[in-house]
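Only one structure is covered here, and it is reproduced in the block below.
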Amino acid sequence: MKTIYIFIFSLFISASSFAQYYVYTATKTGSWNDMSVWSIVPRTDGVPKMKVVIPAPYIISVDNAVNSFGLGDVEINITGSISIQPSTTIALSSASVINILGSGSVIGTNNTQKITEGGIVKYDGSLDHTKTGAGSFANSSTGVSPAGFTLSLLPVVFTGFTVIKNGNDIVLKWSTASEIANSYFEIERSYNGNAWTAVSTITANGSATTSANYSYTDNNITNAVVYYRLKQVDMDGAFLYSTIKTIRNGNTAAAKIYGTGKTINIELNAAIKNNVMVTVMNTSGQVMERKQFSAGYKITFDVNNAAADILIVHVSDNDALNQTAKLVL
């Protein structure tokens with residue numbers, strides 16, 4: 001009988017845990033497709049995206065094979081360079097973000113060299129050529145090439161905000177790509193989604209063009225449902241709120257994940273109402289499948305082309321559902 005091991009783990013990852021997302025850092029100049037170029041470590045800041053870091057002075061050459069990596073939602077930080085080869089389109093999801101930091105650049109020369117996010121062209125080699133500009137970024141809020149990248153005019157550009165259970169504690173983690181005159185973050189909690197209480201204040205970086213990570217642990221929270229949001233406050237007193245994150249306490253898993261032959265089955269708790277993203281990886285962290293599904297009782301899909309016999313399946317609705325299973329098929 002095939003054995004199926006299912007476990008739920010916190011994004012507060014230990015060294016021996018299976019990580020949901022990974023950080024790929026270039027260690028030399030070379031091709032994106034050459035795995036010896038990359039140092040690969042689990043992403044432990046709680047941001048639900050793959051992260052690619054290209055430090056100066058390295059130049060990473062990219063062709064269409066990059067799309068076979070199944071990048072999905074990805075954060076790309078460039079202080080070195082990405083050189084896009086002719087007849088290449090780097091196709092990213094609409095939730096992805098590209099940050100050009102310091103002396104970073106994206107290099108291209110003609111209209112066959114493109115970067116898209118959610119199908120929108122953010123970079124076109126014939127219009128953008130060598131794209132530079134410390135503190136510029138492209139995401140779903142920016143325009144179409146040659147205005148696909150823009151300098152941050154917002155006081156804070158968020159790249160992630162997650163809320164995870166760790167026993168009776170709730171761990172909040174968030175990250176920024178850049179900050180302008182940012183004074184502090186106020187963590188606010190609610191038990192009904194309407195009445196909010198400030199529970200802590202975290203001092204911000206002030207002004208920075210490099211990414212920053214923050215965290216806060218709310219101890220001994222046992223309420224059935226808890227809501228959190230961040231209040232970002234400028235040095236002049238102006239403020240804005242983040243999205244609201246929800247945690248549901250209880251003994252019942254939000255999803256039941258199991259395998260039947262080469263089929264992955266996911267049974268969802270009725271409380272899950274958002275779209276669900278399913279990511280399938282091998283034990284080396286390579287993304288083999290990433291699909292989005294509408295919330296419903298059961299999700300099934302085949303992985304007949306998966307060469308691996310052991311798969312890591314991560315299911316998330318970008319809210320309270322954040323669950324992973326190890327399947328031995």
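Starting from 1, each residue takes its place in the sequence as its number. A quick note: this is a predicted structure, and the numbers were derived from the prediction, not measured.
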Looking at every non-hydrogen atom in both residues, tell me the closest pair between [X] and [Y] and how far apart they are.
| X | Y | answer |
| --- | --- | --- |
| N205 | A212 | ND2-CB, 3.1 Å |
| I84 | I115 | CD1-CG1, 3.6 Å |
| H129 | T109 | ND1-O, 4.2 Å |
| A204 | F185 | CB-CE1, 3.9 Å |
| I59 | S83 | CG2-CB, 4.1 Å |
| V37 | S31 | CG2-O, 3.6 Å |

Between the side chains of [X] and [Y], does any donor sit under 3.5 Å from an acceptor?
| X | Y | value |
| --- | --- | --- |
| T279 | R290 | yes |
| T88 | D63 | no |
| E117 | S140 | no |
| S126 | N110 | no |
| S105 | S81 | yes |
| D169 | T217 | no |
| N77 | E75 | yes |

Query raised in the report: Under the side-chain contact (heavy atoms from CB on, under 4.5 Å) criterion, do W38 and I60 qualify, and how do the steps go?
Result: CA-CA 10 Å; W38 305 100; I60 300 302; 4.2 Å; yes

How long is the span from the [atom1] atom in [X] to the [atom2] atom in [Y], to the nearest 0.5 Å?
| X | Y | atom1 | atom2 | answer |
| --- | --- | --- | --- | --- |
| F239 | N182 | CZ | CG | 14.0 Å |
| Y228 | T243 | OH | OG1 | 14.5 Å |
| M50 | I76 | CE | CD1 | 12.5 Å |
| M281 | I310 | CE | CD1 | 13.5 Å |
| S136 | N99 | OG | CG | 8.0 Å |
| D124 | T89 | CG | OG1 | 9.0 Å |

Are any non-hydrogen side-chain atoms of [X] and [Y] less than 4.5 angstrom apart?
| X | Y | value |
| --- | --- | --- |
| L230 | F158 | yes |
| K122 | T142 | yes |
| T150 | F137 | yes |
| N275 | S294 | yes |
| K298 | N265 | yes |
| P55 | T25 | yes |
| I170 | V226 | no |
| S190 | R229 | no |

Report task. Could you check T263 against D302 for side-chain hydrogen bond (donor to acceptor under 3.5 Å, both in side chains), going step by step and ending with a plain yes or no? Result -> CA-CA 4 Å; T263 299; D302 294 330; 2.6 Å; yes

Does one hydrophobic cluster hold both [X] and [Y], with members joined at side-chain heavy-atom distances below 4.5 Å?
| X | Y | value |
| --- | --- | --- |
| L172 | L240 | yes |
| V106 | W32 | yes |
| V97 | V23 | no |
| Y216 | I221 | yes |
| I54 | Y22 | yes |

Query raised in the report: Ring centroid separation for F293 and F301, is it under 6.0 angstrom?
Result: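 When the ring centroids of F293 and F301 are compared, they turn out to be within the sub-6.0 Å range.
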
Query raised in the report: Are S96 and K49 close enough, and set up right, to give a side-chain contact (heavy atoms from CB on, under 4.5 Å), and what steps lead you there?
Result: CA-CA 8 Å; S96 295; K49 294 179 181 179; 6.0 Å; no

Report task. In sequence, state the C-alpha distance, the side-chain angles, and the governing distance for S242 and Q232, and then conclude on side-chain hydrogen bond (donor to acceptor under 3.5 Å, both in side chains). Result -> CA-CA 8 Å; S242 71; Q232 179 271 314; over 6 Å; no

Report task. Decide side-chain contact (heavy atoms from CB on, under 4.5 Å) for I90 and Y123; before the verdict, give the C-alpha distance in whole Å, the side-chain angles of both, and the deciding distance to 0.1 Å. Result -> CA-CA 9 Å; I90 304 173; Y123 173 89; over 6 Å; no

Query raised in the report: Residues in salt bridge (charged side-chain N to carboxylate O under 4.0 Å, His left out) with K131, at least two apart?
Result: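 With neighbours one apart ignored, the set is D128.
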
Query raised in the report: By salt bridge (charged side-chain N to carboxylate O under 4.0 Å, His left out), which residues pair with D218, not counting sequence neighbours?
Result: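 By the salt bridge (charged side-chain N to carboxylate O under 4.0 Å, His left out) rule, D218 matches R189.
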
Requested in this report: For the pair W174 and F161, name the ring-plane relationship: parallel under 30°, tilted 30 to 60°, perpendicular over 60°.
Outcome: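 The rings of W174 and F161 stand perpendicular, inter-plane angle above 60°.
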
Requested in this report: Could you check V121 against L127 for side-chain contact (heavy atoms from CB on, under 4.5 Å), going step by step and ending with a plain yes or no?
Outcome: CA-CA 11 Å; V121 177; L127 301 175; over 6 Å; no

